[in-house]
Amino acid sequence: SYNKRRKAERRIRSAIQKVLPDVRIHCFGSRRAGLALPDSDIDLLVTGPNITSARKMLRRLRKVLYQAKVEAKGTEIILVDARVPIIKFTEATTGKPVDLSVDETNGVVNTAAIRAALAAAPALQPLLVVLKALLRQHGLNETHTGGVGSYLLFMMALRAHDISAYEAEISRQIGDERRGFGEGYGPDDDGVDPALAYWRDAARLADAYADYRHVYGEDFEFWEEAEE
């Protein structure tokens, strides 16, 4: 499965760079972090020096991918025009879903930080894979229905392992990744490292969510309560 995914990524990368040689294609998300399940999607990001509009570039990429016939037979390459627009399609050789975005570097930066944390605490990796599989089996892996998504699950596990032990390495990894995209990075006006501030806020969110589930449990009617 891993080799097939790699071949699929190379096929997509080759198809894009054959027409757009100046762009870079980055893999991120669960596969890059080593937390992918067999049915996990492939997350790709396209960056480049001459991209002025993500939506225009996505429309062009959609045409390029159609011409290369990377999509599974009988399926379409869909442009999702959301706040963060993406292209979604099923790759022909693997049958795996692919999400492709443009110039949204947060996912790549977060993946680098996750990899740093997993390197510092190796026991987290098998724990997270098992928990992800368990949540998916019980239909509790979608955040929009009150479940626990992959990123929130990671933050909860990291919090349980004492995030302070990994802050320095995580901060370094985030800084390195941002500089790789040419983004400025350093302490803010108050002298606070933005990476550490971000991860501390995320850890507090994980705590709040854990308390929320403890109080309301799995049977809480999210939508009905919100309407009252």
Side-chain angles (χ1 to χ4, degrees), residues 1-6 8-9 26-45 84 86 88 90-91 94-99 101 104 106-171 173-174 177 195-223 225:
S1 179
Y2 174 79
N3 289 334
K4 287 183 178 180
R5 285 174 184 272
R6 292 288 293 171
E9 290 169 24
H26 314 263
C27 179
F28 67 100
S30 60
R31 199 210 64 76
R32 176 66 175 157
L35 299 174
L37 298 177
D39 57 348
S40 293
D41 58 11
I42 299 171
D43 296 301
L44 299 174
L45 169 72
V84 178
I86 62 171
K88 300 178 73 72
T90 301
E91 200 278 325
T94 61
K96 302 296 183 186
V98 178
D99 287 356
S101 55
E104 287 289 336
N106 284 343
V108 177
V109 172
N110 288 342
T111 299
I114 291 171
R115 284 165 57 86
L118 295 179
L124 284 176
Q125 194 268 347
L127 171 65
L128 287 167
V129 170
V130 170
L131 289 175
K132 281 182 65 175
L134 184 64
L135 288 168
R136 182 166 297 189
Q137 183 179 13
H138 291 278
L140 297 172
N141 61 310
E142 296 290 350
T143 53
H144 67 275
T145 57
V148 180
S150 297
Y151 192 64
L152 178 56
L153 179 64
F154 166 76
M155 290 308 308
M156 294 173 75
L158 188 64
R159 183 63 170 170
H161 276 68
D162 183 10
I163 192 173
S164 63
Y166 315 115
E167 284 183 337
E169 179 61 17
I170 290 170
S171 177
Q173 290 280 354
I174 295 177
E177 199 70 35
L196 300 190
Y198 168 77
W199 282 78
R200 286 168 182 159
D201 288 345
R204 283 193 287 269
L205 174 63
D207 279 347
Y209 187 86
D211 290 342
Y212 177 82
R213 296 294 290 188
H214 177 72
V215 171
Y216 293 111
E218 296 176 7
D219 296 327
F220 178 68
E221 297 294 339
F222 296 93
W223 302 115
E225 183 73 12

Enquirer: Hey, are the side chains of Ser101 and Phe28 touching, using non-hydrogen atoms and a 4.5 Å cut-off?
Expert: yes
Enquirer: For a 4.5 angstrom cut-off between non-hydrogen side-chain atoms, does Lys132 reach Asn141?
Expert: no
Enquirer: Examine distances only and state if a side-chain atom of Arg115 and a backbone atom of Arg32 form a donor-acceptor pair shorter than 3.5 Å.
Expert: yes
Enquirer: Using side-chain heavy atoms (C-beta onward) and a distance below 4.5 Å, is Arg5 in contact with Glu91?
Expert: no
Enquirer: Less than 4.5 Å apart, side chain to side chain, heavy atoms only: is that true for Leu44 and Asp99?
Expert: no
Enquirer: Might you point out which heavy atoms bring Val129 and Gly34 nearest each other, and give the distance in Å?
Expert: CG2-O, 4.2 Å
Enquirer: Applying side chain to side chain contact (heavy atoms under 4.5 Å, CB included) to Tyr151 and Ile114, what does each step give before you reach the verdict?
Expert: CA-CA 9 Å; Tyr151 192 64; Ile114 291 171; 3.9 Å; yes
Enquirer: Apply the test side chain to side chain contact (heavy atoms under 4.5 Å, CB included) to residues Leu35 and Gln125: give CA-CA distance (whole Å), side-chain angles for both, the deciding distance (0.1 Å), then the verdict.
Expert: CA-CA 7 Å; Leu35 299 174; Gln125 194 268 347; 3.9 Å; yes
Enquirer: Got Leu128 and Leu118 here, is their nearest side-chain heavy-atom distance under 4.5 Å?
Expert: yes
Enquirer: Can you confirm whether Leu131 sits close enough to Leu153 that some side-chain heavy atom of one is under 4.5 Å from a side-chain heavy atom of the other?
Expert: yes
Enquirer: Determine the minimum heavy-atom distance between Pro126 and Pro122, stating which atoms define it.
Expert: CD-O, 3.3 Å
Enquirer: Do the side chain of Glu142 and the main chain of Thr145 share a donor and acceptor less than 3.5 angstrom apart?
Expert: no
Enquirer: Test your reading of the model: is there a side-chain donor-acceptor pair from Lys4 to the backbone of Gly95, 3.5 Å cut-off?
Expert: no
Enquirer: Check Asp39 with Arg136, please: is the shortest side-chain N to carboxylate O separation under 4.0 Å?
Expert: yes
Enquirer: Taking all non-hydrogen atoms of both residues, which atom of Ala8 and which atom of Thr94 are closest, and how far apart?
Expert: CB-CG2, 3.8 Å
Enquirer: Does a side-chain heavy-atom distance below 4.5 Å link Arg31 with Asp43?
Expert: no
Enquirer: Do Val148 and Leu140 come within less than 4.5 Å of each other through their side chains, counting heavy atoms only?
Expert: no
Enquirer: Would you give the length of the straight line joining atom CG of Leu135 to atom OG of Ser150, rounded to the nearest 0.5 angstrom?
Expert: 9.0 Å
